[in-house]
Visitor: 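Before I ask anything, here is the structure I am working with.
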Amino acid sequence: MDSTVKKQRTSMRLDRYLSICSPYPRSGIPGLVRKGAITVNGIPARTVKDRVSTDDRIEVNGVPMLYREFIYLMLNKPQGYLSATEDERDPVVVDLVPEEWKHFSPAPVGRLDKDTEGLLILSNDGQFNHAVTSPRKCVYKRYYAELDAPATPDDVIAFRAGMDLGDFCTAPALLELTDSPDKVLIEIAEGKFHQVKRMCEKIGKHVTYLKRVAIGALQLDSSLALGEIRELTEAEKDMLTVSKTFS
Ligand code: URA
């Protein structure tokens with residue numbers, strides 16, 4: 001996807017190039033070169049020390065290895081997975097990343113609870129992570145929540161006013177009522193631990209089901225089944241950092 005292809009031309013050794021943007025470990029590259037499996041602009045590579053540039057077309061067994069430093073993935077997170085890269089006890093969202101992207105070492109951008117479903121971004125771009133998750137950037141996250149009791153217009157006002165949750169006060173948040181009073185849409189700017197659930201407890205309601213449906217201006221792709229992952233386009237990546245304020 002052209003969004004993630006690095007635009008500046010950079011030169012480096014062939015084995016470094018492939019360690020960044022192929023699933024092959026660096027130690028396996030000499031063997032691939034010997035077998036003639038690697039081509040640079042259609043010509044078999046001679047040694048792992050060959051200099052290549054990000055403009056070159058590098059293929060391994062005929063499969064192009066596009067150069068990019070960063071990866072941006074959208075996951076429809078299922079329940080039962082921790083938003084982490086590893087855990088001794090529970091499965092983690094990185095377990096769901098297909099092999100073709102694993103070597104980029106993507107990590108969750110923000111966090112969803114183990115029992116929360118929906119939109120989770122994974123990336124290895126730390127600056128981007130900060131731009132999406134920092135409360136100061138005012139990137140709102142939108143959730144669909146099912147409650148154990150109907151929400152009321154007073155609850156809408158309480159969300160809008162911002163809430164004192166003891167350890168911090170939330171920014172103004174949106175509670176949108178739907179045709180079913182116990183099913184609501186919620187938008188928050190921060191991503192504190194259990195924030196949506198805690199805000200709902202504060203208005204006397206318990207969340208029985210939670211799904212993140214959007215971050216910034218980016219909606220969860222409804223064609224992604226639970227547990228499925230795909231890369232973001234450039235335009236989608238930009239939509240993730242769209243901010244707003246509630247007056
Ligand atoms: N708020 C919560 O309470 N849980 C989540 O997973 C996300 C936001």
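Each ligand, and each atom within it, is numbered from 1 in the order the structure gives.
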Visitor: Where do Val92 and Thr85 come nearest, in terms of heavy atoms and distance?
Guide: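 Of all heavy-atom pairs spanning Val92 and Thr85, the closest is CG2-O, 3.5 Å.
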Visitor: How far apart are the closest heavy atoms of Leu120 and Pro108, and which atoms are they?
Guide: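 Heavy atoms of Leu120 and Pro108 come nearest at CD2-CB, 4.2 Å.
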Visitor: Run the ring-centre check on Tyr17 versus Tyr67 and record whether the distance is less than 6.0 Å.
Guide: yes
Visitor: I need the single residue from Tyr81, Tyr144, Tyr209 that forms a side chain to side chain donor-acceptor pair (under 3.5 Å) with Glu117. Which is it?
Guide: Tyr209
Visitor: Can any side-chain N or O of Thr241 pair as donor or acceptor with the backbone N or O of Asp238 at less than 3.5 Å?
Guide: yes
Visitor: Taking side chain to side chain donor-acceptor pair (under 3.5 Å) as the cut-off, I'd like each qualifying pair that reaches into residues 169-178, sequence neighbours left out, listed once.
Guide: Arg142-Glu176
Visitor: Any idea which residues sit under 4.0 Å from ligand 1, heavy-atom distances?
Guide: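 The answer is Leu112, Asp113, Thr116, Tyr143, His194, Gln195, Val196, Lys197, Leu210, counting any residue whose heavy atom sits under 4.0 Å from ligand 1.
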